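Presented below is the structure to which this report refers.
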Amino acid sequence: MTTTLWAVADLHAAVTANAPKIRQIQPTDPSDWLIVAGDVAERFELIVDVLADLAGRFDTVIWSPGNHELFSRSADRYRGREKYAALVQAAREIGVITPEDPYPVFHGVTIAPLFTLYDYSFRGPNLTVQEAVSAAREKNIMMTDEFAIAPFVDIRAWCWDRLAYTTKRLSRIEGPTVLINHWPLVQEPVMRMKWSEVALWCGTRHTRTWARRYNARAVVYGHLHMPGVTVVDGIDHIEVSLGYPREWQHRARRAPWPYPVMEVRR
């Protein structure tokens with residue numbers, strides 16, 4: 001008998017064609033755990049419903065939010081930091097582990113869900129943030145984050161708050177880890193994207209050494225919709241995104257999905 005730690009990301013559950021793929025996320029044993037590395041959906045109620053459904057299937061579900069969970073409109077009840085806090089509370093009520101909870105241990109390995117955001121530091125040399133964003137806008141490259149997150153919170157300040165908070169927590173861990181974040185912790189995967197300007201919204205340079213520093217066996221992330229494994233300093237950085245139908249319907253099968261991060265005999 002085996003127990004598996006599975007991982008998915010970027011379910012985008014509001015997309016009707018993704019529903020059958022989400023239904024396929026099933027344990028092979030009742031003891032299996034599931035990582036959900038962000039971008040479940042945008043609407044508060046749908047995010048909670050999907051997480052609750054997955055929590056009913058798996059022994060343990062661990063969630064790290066992505067940028068889509070933070071998307072808001074002016075008329076929404078929760079926006080910015082308030083939306084994240086409300087989602088954390090809702091996840092706790094359905095038994096889903098969040099980045100604010102004690103890190104669970106899976107057969108001797110600490111599973112650490114993180115929430116670091118981005119700070120526009122994946123940008124070209126000698127450019128200020130404003131210059132880099134303006135250059136992207138001139139090429140008609142602009143992420144929805146600028147209209148659905150940035151108006152409600154200072155993204156860079158929030159990112160830096162999260163970095164300080166997270167390093168303090170990670171520094172207390174002894175033994176091996178699996179680090180989970182929606183955004184990649186290193187820049188190598190981002191450099192393979194078709195449009196380099198999109199990198200501005202894809203992470204922060206300040207997490208580059210975390211995998212090695214915090215004894216990671218693997219790093220699990222999403223966001224880029226480019227599933228696969230990138231090895232950096234001997235550590236697997238595993239993107240586990242589903243993405244949109246136009247992506248997964250035509251994608252060459254490079255890696256299993258859901259992705260089996262760890263499998264142990266019991």
Side-chain angles (χ1 to χ4, degrees), residues 4-10 33 35-39 62-67 99 103-125 132 156 159-241 243 254-264:
T4 304
L5 173 65
W6 301 96
V8 297
D10 297 77
W33 289 24
I35 291 165
V36 183
D39 279 8
I62 304 162
W63 166 71
S64 287
N67 53 314
Y103 296 144
V105 177
F106 181 83
H107 295 269
V109 178
T110 299
I111 313 300
L114 316 178
F115 173 45
T116 63
L117 289 158
Y118 55 91
D119 62 358
Y120 307 95
S121 58
F122 287 174
R123 63 181 186 271
R156 296 176 78 203
C159 175
W160 296 335
D161 286 348
R162 297 300 309 181
L163 292 172
Y165 169 81
T166 306
T167 53
K168 185 179 296 185
R169 293 195 66 195
L170 290 175
S171 66
R172 301 184 184 127
I173 298 175
E174 295 183 1
T177 66
V178 169
L179 303 182
I180 307 159
N181 198 48
H182 178 65
W183 296 268
L185 298 185
V186 295
Q187 199 167 355
E188 279 83 345
V190 179
M191 295 170 69
R192 297 197 299 269
M193 293 190 301
K194 183 176 181 180
W195 293 286
S196 60
E197 290 80 6
V198 176
L200 292 169
W201 296 274
C202 291
T204 169
R205 293 174 183 171
H206 299 290
T207 58
R208 175 162 188 85
T209 63
W210 283 16
R212 185 176 65 252
R213 187 192 311 174
Y214 300 118
N215 199 20
R217 285 190 177 182
V219 175
V220 174
Y221 68 98
H223 191 61
L224 306 183
H225 296 196
M226 293 165 38
V229 180
T230 302
V231 180
V232 179
D233 295 332
I235 300 167
D236 287 351
H237 292 246
I238 309 164
E239 177 164 358
V240 295
S241 299
R254 300 175 184 173
W257 192 91
Y259 191 93
V261 180
M262 287 181 60
E263 186 176 273
V264 295

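Given the structure is predicted, the values throughout are model-derived calculations rather than measurements. What you see below is based on every heavy atom in this structure, not just the backbone, and it leaves out hydrogens, waters and symmetry mates.
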**Message:** Parallel, tilted or perpendicular: which one describes the rings of W33 and F106, with boundaries at 30° and 60°?
**Reply:** perpendicular

**Message:** side chain to side chain contact (heavy atoms under 4.5 Å, CB included) for W201 and N67? Distances and angles first, verdict last.
**Reply:** CA-CA 9 Å; W201 296 274; N67 53 314; over 6 Å; no

**Asked** Given P113, which of I35, I62, L179 fulfils the side chain to side chain contact (heavy atoms under 4.5 Å, CB included) condition?
**Response** I62

**Prompt:** Which is it for Y120 and F122 under the ring-ring contact (aromatic ring centres under 6.0 Å, His included) test, yes or no, and what are the steps along the way?
**Reply:** CA-CA 6 Å; Y120 307 95; F122 287 174; over 10 Å; no

**Request:** Test side chain to side chain contact (heavy atoms under 4.5 Å, CB included) on T166 and Y214 and set out the steps.
**Result:** CA-CA 11 Å; T166 306; Y214 300 118; over 6 Å; no

**Message:** I need the W160 CH2 to T204 OG1 distance, nearest 0.5 Å.
**Reply:** 9.0 Å

**Request:** Show your reasoning for whether side chain to side chain contact (heavy atoms under 4.5 Å, CB included) applies to E188 and R208.
**Result:** CA-CA 10 Å; E188 279 83 345; R208 175 162 188 85; 2.6 Å; yes

**Message:** Check whether H182 reaches the backbone of A37 with its side chain - one donor and one acceptor, N or O, closer than 3.5 Å.
**Reply:** yes

**Request:** Enter the distance from R162:CZ to L117:CG here, rounded to the nearest 0.5 Å.
**Result:** 7.5 Å

**Asked** Looking only at heavy atoms, what is the nearest atom pair of S121 and G203, with distance?
**Response** OG-O, 4.3 Å

**Message:** Less than 4.5 Å apart, side chain to side chain, heavy atoms only: is that true for W210 and L114?
**Reply:** yes

**Prompt:** Counting distance only, does the side-chain N/O of D10 pair as donor-acceptor with the main-chain N or O of D39 below 3.5 Å?
**Reply:** no

**Prompt:** Has M191 got more than 12 heavy atoms of other residues, nucleotides or ligands less than 6.0 Å from its CE?
**Reply:** no

**Message:** Once rounded to the nearest 0.5 Å, what's the spacing between atom CG of L170 and atom CG of N215?
**Reply:** 11.5 Å

**Prompt:** Between Y118 and L200, is any pair of side-chain heavy atoms under 4.5 Å apart?
**Reply:** no

**Prompt:** Is the backbone N or O of I235 less than 3.5 Å from a side-chain atom of D233, with the two atoms forming a donor-acceptor pair by type?
**Reply:** no

**Asked** Is the backbone N or O of P260 less than 3.5 Å from a side-chain atom of T4, with the two atoms forming a donor-acceptor pair by type?
**Response** no

**Asked** Any donor-acceptor pair under 3.5 Å linking the side chain of R213 with the backbone of T207?
**Response** no

**Asked** Quick one: does R192's side chain get under 4.5 Å of T230's, heavy atoms only?
**Response** yes

**Fill in**
Only one of L185, V186, V219 passes side chain to side chain contact (heavy atoms under 4.5 Å, CB included) with V232, and that residue is V186

**Prompt:** Which residue, S64, P189, C202, forms the side chain to side chain contact (heavy atoms under 4.5 Å, CB included) with Y221?
**Reply:** P189

**Request:** Please answer whether the main-chain N or O of P99 pairs with a side-chain N or O of R169 as donor and acceptor at a distance below 3.5 Å.
**Result:** yes

**Message:** For a side chain to side chain contact (heavy atoms under 4.5 Å, CB included) check, start with the C-alpha distance between T167 and H206, then their side-chain angles and the critical distance, and finish with the verdict.
**Reply:** CA-CA 10 Å; T167 53; H206 299 290; over 6 Å; no

